[in-house]
Amino acid sequence: MKKSLLLSFAILMGALIVGVPSASAFELNRQEADSVCAAMGTIWGSQIKKKIAGEDPEKAKEYLRGIEDALKLIGNNDAYLEGLKQAVLIDSRIGQVEKMGGFDVSRERFAYYLLRASEGKRSGYSPSTAEDFMNGLMTRIAAETQRLEADKRYLASEAARKGVEKMSSGLLFEVLEEGEGDETPGSEAKLLIRYTGAFVDGKVFNEAGEGKVFSVSELIPGFREGAMKMKRKGRYRLVIPAEIGYGSAGVMGVIPPDAATVFTVELLDFNNPPKTN
């Protein structure tokens with residue numbers, strides 16, 4: 001059926017259900033009006049059938065029940081229907097916030113505060129302070145998104161740079177100055193290292209210029225993997241993705257969640273404990 005004819009049917013169907021007078025003087029008897037409902041129902045029903053094909057039967061049943069209930073409400077309880085329409089629009093906006101922020105918003109808690117505010121009751125915010133909070137939150141989310149994107153670009157560019165070796169774990173390992181001998185630290189070694197830890201933008205968050213002792217086992221996974229490839233007196237550069245670094249938790253007040261880190265390390269000395277039989 002042509003699109004224009006479907007549109008005409010839609011307009012006519014809307015007039016029959018909602019009770020809005022048609023722009024034309026054309027009149028239908030009861031049987032013809034019922035035939036229009038049956039025809040239009042068949043057309044839309046066939047489209048809905050395609051939409052729910054393959055869906056979970058219970059989910060499809062609820063979907064159809066929602067359509068039926070909404071159609072029955074039209075003309076019988078217009079205020080309630082308008083509320084439902086508004087809720088669908090609101091839910092769409094909530095979904096956008098969830099997608100942007102990567103978190104979930106409880107519809108039940110949201111409805112609780114919405115109704116309180118609508119009735120003039122306290123919600124913990126005034127309209128202006130609520131807007132200030134949300135604007136601040138959106139600014140933080142945007143900044144965080146930009147930071148994560150910058151990390152991804154940096155990791156990709158470093159992986160492509162000559163002299164950088166990419167491990168299967170994602171660690172990027174670069175030898176700045178080759179060390180002495182062939183021995184490397186074992187998994188139980190004690191390390192004396194001088195290092196600088198920074199973010200991909202170069203901002204330093206930690207350093208030990210005089211040297212500091214660590215056990216290999218206490219290092220973050222990416223640093224531990226890199227340390228076990230180092231040679232005595234050498235200088236190395238480790239670019240560590242968050243997954244093998246400080247993870248999604250980060251370090252409160254120091255390293256944000258999901259942050260890539262860059263360590264320039266000098267292995268001053270190490271001590272591999274003797275193996276026991």
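Model, not experiment: these values are computed from the prediction.
One hydrophobic cluster, built from ILVMFWY side chains closer than 4.5 Å, holds both Leu155 and Val200. A single hydrophobic cluster is not seen to contain both Val239 and Val175; linkage of ILVMFWY side chains at heavy-atom distances under 4.5 Å, directly or through other members, places them apart. Linking ILVMFWY residues whenever their side-chain heavy atoms come closer than 4.5 Å, directly or via other members, leaves Val265 and Leu176 in distinct clusters. Val204 and Leu238 are not part of a single hydrophobic cluster, where members link through side-chain heavy atoms under 4.5 Å apart.
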Apply side chain to side chain contact (heavy atoms under 4.5 Å, CB included) to residues Lys152 and Tyr154 and explain how you reach the verdict.
CA-CA 5 Å; Lys152 289 180 182 178; Tyr154 184 85; over 6 Å; no
Using the rule given for side chain to side chain contact (heavy atoms under 4.5 Å, CB included), can you reason through Leu192 versus Phe270, listing the C-alpha separation, both sets of side-chain angles and the distance that settles it, and then say yes or no?
CA-CA 6 Å; Leu192 176 61; Phe270 64 90; over 6 Å; no
What do the steps show when you test Glu225 against Ser169 for side chain to side chain donor-acceptor pair (under 3.5 Å), and what is the final call?
CA-CA 9 Å; Glu225 181 182 3; Ser169 65; 2.5 Å; yes
Start with the C-alpha distance between Ile141 and Met138, add both sets of side-chain angles, then the distance that settles side chain to side chain contact (heavy atoms under 4.5 Å, CB included), and finish with yes or no.
CA-CA 5 Å; Ile141 290 171; Met138 292 300 105; 3.5 Å; yes
Trace of the side chain to side chain contact (heavy atoms under 4.5 Å, CB included) decision for Ile90 with Leu114:
CA-CA 11 Å; Ile90 290 171; Leu114 180 148; 4.0 Å; yes
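In terms of heavy atoms, Pro241 sits closest to Gly170 at CG-O, 3.4 Å. In terms of heavy-atom proximity, Gly245 sits nearest to Pro221 at O-CD, 4.1 Å.
Here Leu268 contributes atom CG and Glu266 contributes atom CD; the two are 5.0 Å apart, rounded to the nearest 0.5 Å. Once rounded to the nearest 0.5 Å, the distance linking OG1 of Thr145 with CZ of Arg147 reads 9.5 Å. Here the straight-line distance linking atom CD1 of Ile240 with atom CD1 of Ile220 works out to 4.0 Å at 0.5 Å rounding.
Summarising the hydrophobic clusters (Ile, Leu, Val, Met, Phe, Trp, Tyr; side-chain heavy atoms under 4.5 Å, direct or chained), the residues clustered with Tyr112 are Tyr113.
Without hydrogens or angle criteria, Tyr236 side chain to Lys231 main chain gives a donor-acceptor distance under 3.5 Å. Checked by atom type and distance alone, the side chain of Ser215 never pairs as donor or acceptor with a backbone atom of Glu218 at under 3.5 Å. In this structure, Arg116 contributes its side chain and Ser123 its backbone to no donor-acceptor pair below 3.5 Å. Although no hydrogens or angles enter the test, the distance criterion places a donor-acceptor pair under 3.5 Å between the side chain of Asn272 and the main chain of Gly186. Not one N or O on the side chain of Thr129 forms a donor-acceptor pair closer than 3.5 Å with the backbone of Tyr125. Between the side chain of Asp201 and the backbone N or O of Asp151, no donor-acceptor pair lies under 3.5 Å.
Residue Arg161 places its CZ atom among more than 12 non-hydrogen atoms of other residues, nucleotides or ligands, all under 6.0 Å distant. More than 12 heavy-atom neighbours from other residues, nucleotides or ligands sit within 6.0 angstrom of CE on Met167. Heavy-atom contacts from other residues, nucleotides or ligands closer than 6.0 Å to CD of Glu178 number more than 12. For Gln31, the CD atom sits in a loose shell: 12 or fewer heavy atoms of surrounding residues, nucleotides or ligands are nearer than 6.0 Å. Within 6.0 Å of OH in Tyr80 there are 12 or fewer heavy atoms belonging to other residues, nucleotides or ligands. Annotation for Glu55: atom CD counts as buried by contact number, over 12 foreign heavy atoms lying within 6.0 Å.
Using a 4.5 Å cut-off on side-chain heavy atoms (C-beta onward), Glu149 and Arg153 make contact. For the pair Lys50/Gln47, a side-chain contact is recorded, criterion being any heavy-atom separation below 4.5 Å from C-beta on. Between Leu191 and Leu267 there is a side-chain heavy-atom pair separated by less than 4.5 Å. Taking the side chain as every heavy atom from C-beta outward, Asn206 and Val254 never approach each other to under 4.5 Å.
For Asp69 and Arg65, the salt-bridge test passes: some basic side-chain N is under 4.0 Å from an acidic carboxylate O. Looking at Lys59 and Glu62, no side-chain N of the basic residue comes within less than 4.0 Å of a carboxylate O on the acidic one, giving no salt bridge. Under a 4.0 Å N-O distance rule, the pair Glu174/Arg235 does not qualify as a salt bridge. Salt-bridge check for Glu183 with Arg232: passed, with a basic side-chain N closer than 4.0 Å to an acidic carboxylate O.
Note on ring orientation: taking the six-membered ring where Trp is involved, the planes of Tyr246 and Phe205 are perpendicular (angle over 60°, cut-offs 30° and 60°).
In terms of the side chain to side chain donor-acceptor pair (under 3.5 Å) criterion, residue partners of Arg107 (sequence neighbours excluded) are, by chain and number, Asp91, Glu98. In terms of the ring-ring contact (aromatic ring centres under 6.0 Å, His included) criterion, residue partners of Phe223 (sequence neighbours excluded) are, by chain and number, Phe263.
Judged by the 6.0 Å and 45° rule, Lys229 forms a cation-pi pair with Phe173.
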